[in-house]
Amino acid sequence: MAPPDVTPLRTPGPAPRVLTVDVEEWFHVCGEDYYSDPRRWESFPSRIETTFRLLLDHLEEGGHRATVFFLGWIARQKPHLVREAVARGHEPAVHGDRHRRADEMTADEFRDDLVRARASIEDAAGMRCSAHRAAEWSIRHPGDRALAILTEEGFACDASTTAVPPLGHADNPLGPYRVSRNGAGILEVPPLTGRGFGRRLPVGGGWPFRILPESRIAQAEATYRERGFPAVFTFHPWEFDPEHPRMDGLPPLLRAVHFARLSRLPDRFRRFLARGRCVALADVLPSLVPE
Ligand SMILES: [Zn+2]
């Protein structure tokens with residue numbers, strides 16, 4: 001496959017902060033024999049109802065809007081949660097169906113997973129979804145086949161690549177960009193990154209957001225926004241639920257990352273929301289122009 005044209009983008013003035021939520025259960029880890037097997041999922045206790053509503057309540061207090069990436073599996077199990085997110089003003093989007101990494105599926109598997117997820121989420125939402133995020137930042141490079149498939153399937157936006165190795169190539173763009181092939185294109189909006197522990201990290205979510213000094217995260221956000229790069233933050237409902245099952249069978253490193261400082265998150269998140277209003281991806285896309 002020929003490499004695509006990549007056009008770096010930015011907003012004309014300072015960029016907004018963008019909030020994204022990946023709606024998955026506590027057991028939706030990637031690439032793990034026990035928890036990642038969908039045949040077990042219905043036997044695990046579901047905790048998404050409470051945790052997702054808590055998150056939506058936090059957002060409503062400050063008038064924040066988010067892009068909410070649902071797993072297709074969640075949309076079939078709990079379609080009312082998709083409807084509730086839409087009714088409360090958020091942008092519904094697609095996080096794949098079975099939470100498999102994009103680069104661990106064949107092209108046909110990726111397309112099937114994508115199409116099935118989108119149908120389930122759109123059925124529940126009662127509207128079209130045009131944004132996608134792969135599980136665990138698993139579109140590694142702008143030239144990956146997954147982005148070509150997303151373009152063919154009519155997605156306007158993807159938010160799955162990052163310049164943080166080993167999740168993505170170190171030379172991937174830090175800010176948003178357009179990937180075009182044969183006149184058709186898709187906008188890619190990577191997550192906020194910054195420095196921590198002597199290297200580049202995805203500081204807008206996950207364990208770096210929970211562990212690094214808040215001043216460091218705020219500084220990374222300011223740097224992005226001043227350059228015209230939307231500062232994309234990402235949270236999961238299970239991160240607000242430190243009491244979820246302990247997952248003793250997980251490999252130690254994966255378990256340490258999953259549970260790191262969960263009890264800190266609610267207070268950090270409240271302070272984060274108080275520092276400025278968040279918007280959804282759909283709110284920022286029309287304002288992107290070539291850098
Ligand atoms: Zn995920």
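What you are looking at is a predicted structure, and each value in this text was computed from that prediction instead of being measured. Both backbone and side-chain heavy atoms feed into the values below; hydrogens, waters and symmetry mates do not. Counting starts at 1 for both ligands and their atoms, following the listed order.
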Do the side chain of [X] and the main chain of [Y] share a donor and acceptor less than 3.5 angstrom apart?
X    : Y    : result
E91  : A282 : yes
R140 : L167 : yes
S180 : G183 : no

**Report entry** Within-2.8 Å protein N/O/S contacts of the Zn ion (ligand 1)
**Finding:**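 Only E24 OE1, H95 NE2, H99 NE2 fall inside 2.8 Å of the Zn ion (ligand 1).
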
Answer yes or no on whether [X] is positioned over the face of [Y], meaning its NZ or CZ is under 6.0 Å from the six-membered ring centre and within 45° of the axis.
X    : Y    : value
R118 : F155 : yes
R261 : F209 : no
R255 : F259 : yes

